[in-house]
Amino acid sequence: MAPAIPAAMERPHFIGIGGAGMSGIAKILAQRGAKVAGSDAKDSPTAEALRAHGVTVHLGHAAEHLADDASAVVVSSAIRADNPELVRAAELGIPVVHRSDALASLMDGLTAIAVAGTHGKTTTTSMLAVALTELGLDPSYAIGGDLAGPGTNARHGAGDVFVAEADESDRSFQKYDPQVAIVLNVELDHHANYASMDEIYESFEKFAAKLRPGGTLVVGEHAGARELAARVAAAGRADLGIVTVGEGEGSDARILKIVPNGMKSEVTVALDGAEHTFTVSVPGRHYAHNAAAALAAGARAGLDPAALAQALTAYTGVGRRLQLKGEAAGVQVIDSYAHHPTEMTADLEAMRGAAGDARLLVVFQPHLFSRTQELGKEMGEALALADGSVVLDIYPAREDPVPGVTSEIVLDAARAAGAGVTAVHDKAAVPEVIAGMTRPGDFVLTMGAGDVTDLGPLILARLAN
């Protein structure tokens, strides 16, 4: 049985309630019986889904949106100090709670599995959530994307397991104290918050240090994850178990075989003396590794690995992670959230394998000025894996423009790497541009963490005409 609603969360107000992380917490609280309200800049399907759970969603940010009797105001790191609702909270003396603290309070008293890493968090968390649901364990979960089956990013379940995506971008994952933690990979990203790899490692070490007594750290095969494991082992927590996942002979959960099959893969993993073969319903080696990590983590949380492996076949995808949006005029349109060069390369290679001899065209939107400034060259080089690309202007999200930092950094690097790229500054023009590039049998991949995802249906509609 899930714990009661924390006192501070009985009547919470969320600023930016439509965000992936914020909406999930709001949804769980509403399902637990809290009186939830919040605001967002614009209406959205997420806001409508929250209203269906009884949540009051105000459009725009204004002081009057905050009720005088709110028990707390929940914010993410993206909320600025001059937000009128935040200013009003200070005037009323209403406590301000960070999103991560709110999520941590929801995991109290439950067996928590937290999934971290520079890439792959959403997919791996989703795989676990689906598999545990398939096993009848009725888990609670909070994910940074919508599951293809249930169509939601969060749920309050009656079971005693809580699966959560743990975000390192603002160090907020250091607030959690899970029983099992997965760290898939560790790379330099989020340049506005981390100045070096040393800072990144320090942040992940603090996350791992919060594991409950007798807990388990599951690490992927990525060099950064293995370095983290070595640092955690050297820190002297003798009570912690460390489980390695990968294709190498020394891995505790060893991936023996990955057999591609169109947009799926068949994966065989050796764990605790037994072999488990199951289907992963997304293409690409990195997704097979995510599934193996989910299997290892679930086993260390006390689940039967054989049953869990079969339950993982129920996973059918999560929004924006190589999500098929549809097909028109013989062209398949797929959406990818990839925005870091490592992610871009992994998804492009996965699609190369799935597409076979067909052409792969990409619509890429760089995400954040800071990331483009630091990694724009590598983004452009990744686009050389496609047969042709359209590059949009940078999606700023929470950032202000940086002088001299534009998508030209990506375009120049792509051209230098031999990629065929076209700059399109008007997003509305993309469907027409893509219609002029495609022919039957092609794959079109919309790629990026911004609003490039909105283009998939528009491209399909244009192709259909």
Notebook entry, point to check: Would you say the side chain of Val163 lies within less than 4.5 Å of the side chain of Ser140, judging by non-hydrogen atoms?
Noted result: no
Check: Are side-chain N/O atoms of Ser77 and His98 paired as donor and acceptor at under 3.5 Å?
Finding: yes
Next item on the list: Taking salt bridge (charged side-chain N to carboxylate O under 4.0 Å, His left out) as the test, write out the residues that go with Asp43, two or more places apart.
Entry: Arg51
Note to self: I need the Asp69 CG to His13 NE2 distance, nearest 0.5 Å.
What the structure shows: 12.0 Å
Notebook entry, point to check: Have Gln373 and His191 got a donor and an acceptor in their side chains that come within less than 3.5 Å?
Noted result: no
Notebook entry, point to check: Under the 3.5 angstrom rule, does the side chain of Thr118 hit a backbone N or O of Glu187 as a donor-acceptor pair?
Noted result: yes
Notebook entry, point to check: With side chains defined as the heavy atoms from C-beta onward, is the minimum distance between Thr342 and Asn185 less than 4.5 Å?
Noted result: no
Check: Where is the tightest heavy-atom contact between Val391 and Ser407, given as atom of each residue plus distance?
Finding: CG1-CB, 4.0 Å
Next item on the list: May I ask you to test the Arg171-Asn193 pair for a side-chain heavy-atom distance under 4.5 Å?
Entry: yes
Margin query: When you compare the side chain of Phe162 with that of Leu103, does any pair of heavy atoms fall below 4.5 Å?
Written below: yes
Note to self: Using a 3.5 Å distance criterion without hydrogens, assess whether the side chain of Ser281 forms a donor-acceptor pair with backbone atoms of Tyr315.
What the structure shows: yes
Check: Run the salt bridge (Lys or Arg N to Asp or Glu O under 4.0 Å) check on Arg80 and Asp400 step by step: do they pass?
Finding: CA-CA 12 Å; Arg80 303 194 180 199; Asp400 294 323; 3.5 Å; yes
Note to self: Are the side chains of Leu392 and Leu455 in contact, using a 4.5 Å heavy-atom criterion?
What the structure shows: yes
Next item on the list: May I have the step-by-step check of ring-ring contact (aromatic ring centres under 6.0 Å, His included) for His119 and His286, ending in yes or no?
Entry: CA-CA 10 Å; His119 325 290; His286 56 307; 9.5 Å; no
Check: Does a side-chain heavy-atom distance below 4.5 Å link Glu48 with Pro45?
Finding: no
Next item on the list: Answer yes if the side chains of Asp170 and His190 hold a donor-acceptor pair under 3.5 Å, and no otherwise.
Entry: no
Next item on the list: May I have the step-by-step check of side-chain contact (heavy atoms from CB on, under 4.5 Å) for Ile334 and Met263, ending in yes or no?
Entry: CA-CA 11 Å; Ile334 294 161; Met263 291 294 286; 4.0 Å; yes
Notebook entry, point to check: Roughly how far, to the nearest 0.5 Å, is OH of Tyr141 from CG of Leu128?
Noted result: 12.5 Å
Notebook entry, point to check: Could Asp189 and Lys121 be called an ion pair, given the rule that one side-chain N must be under 4.0 Å from one carboxylate O?
Noted result: no
Check: Among side-chain atoms of Thr453 and Asp335, is any donor-acceptor pair under 3.5 angstrom?
Finding: yes
Next item on the list: Might you point out which heavy atoms bring Glu10 and Pro12 nearest each other, and give the distance in Å?
Entry: C-CD, 3.5 Å
Next item on the list: In plain terms, say whether Lys427 and Asp393 are close enough for a salt bridge, that is, a side-chain N and a carboxylate O under 4.0 Å apart.
Entry: no
Notebook entry, point to check: Is any side-chain heavy atom of Leu228 less than 4.5 Å from a side-chain heavy atom of Phe207?
Noted result: no
Next item on the list: Give a yes or no on whether Lys35 atom NZ has more than 12 heavy-atom contacts from other residues, nucleotides or ligands under 6.0 Å away.
Entry: no
Next item on the list: Tell me, with the steps shown, if Phe14 and Val36 meet side-chain contact (heavy atoms from CB on, under 4.5 Å).
Entry: CA-CA 8 Å; Phe14 287 73; Val36 183; 3.8 Å; yes
Next item on the list: Give a yes or no on whether Lys264 atom NZ has more than 12 heavy-atom contacts from other residues, nucleotides or ligands under 6.0 Å away.
Entry: no
Next item on the list: Evaluate the criterion side-chain contact (heavy atoms from CB on, under 4.5 Å) for residue pair Gln365 and Val390; output intermediate values, then yes/no.
Entry: CA-CA 9 Å; Gln365 182 185 53; Val390 167; over 6 Å; no
Next item on the list: Could you label the plane-to-plane angle of the Phe204 and Phe173 rings as parallel, tilted or perpendicular, counting under 30° as parallel and over 60° as perpendicular?
Entry: perpendicular
Note to self: Just verifying a value: how many Å separate Ile113 CD1 and Thr125 OG1, rounded to the nearest 0.5 Å?
What the structure shows: 10.0 Å
Margin query: On a heavy-atom basis, which atom in Ala26 and which in Leu50 lie closest, and how many Å separate them?
Written below: CB-CD2, 4.1 Å
Notebook entry, point to check: Using a distance-only test with no angle check, is there a side-chain donor-acceptor pair under 3.5 angstrom linking Ser203 and Gln174?
Noted result: yes
Next item on the list: Heavy atoms only: give me the nearest Asp454-Pro457 pair and the separation to one decimal.
Entry: O-CD, 3.5 Å
Checklist line | Donor-acceptor contact present, side-chain Ser265 to main-chain Val267, <3.5 Å | finding: no
Checklist line | Donor-acceptor under 3.5 Å (Thr216 side chain, Ile242 main chain) | finding: no
Note to self: I need the minimum non-hydrogen distance between Ala307 and Leu135, along with the two atoms involved.
What the structure shows: O-CD2, 3.8 Å
Note to self: What I want to find out is whether Arg371 reaches Glu399 closely enough, with some N-O distance under 4.0 Å, to be called a salt bridge.
What the structure shows: no
Check: Taking atom CG of Asp347 and atom OH of Tyr287, what is their separation to the nearest 0.5 Å?
Finding: 4.0 Å
Notebook entry, point to check: Does atom NZ of Lys175 have more than 12 heavy-atom neighbours from other groups under 6.0 Å away?
Noted result: yes
Checklist line | Verdict with supporting geometry, Val97 and Met9, side-chain contact (heavy atoms from CB on, under 4.5 Å) | finding: CA-CA 9 Å; Val97 177; Met9 294 289 108; 4.1 Å; yes
Checklist line | Side chain Arg32, main chain Leu106, donor-acceptor under 3.5 Å | finding: yes
Next item on the list: Evaluate the side-chain proximity of Ile15 to His65: yes if any heavy-atom separation is below 4.5 Å, no if none is.
Entry: no
Margin query: Working to the nearest 0.5 angstrom, can you tell me the gap between Ser169 OG and Leu368 CG?
Written below: 10.0 Å
Next item on the list: Determine the minimum heavy-atom distance between Ala297 and Val180, stating which atoms define it.
Entry: CB-CG1, 3.8 Å
Item checked: Value rounded to 0.5 Å, distance of CG in Leu188 from CD1 in Ile200 -> 5.5 Å
Check: Sequence neighbours excluded, which residues qualify as ring pair (Phe, Tyr, Trp, His ring centres under 6.0 Å) partners of His289?
Finding: none
Checklist line | Residue among Val243, Val245, Val219 satisfying side-chain contact (heavy atoms from CB on, under 4.5 Å) with Asp252 | finding: Val243
Check: Among Met447, Glu378, His339, whose side-chain contact (heavy atoms from CB on, under 4.5 Å) with Met344 holds?
Finding: Met447
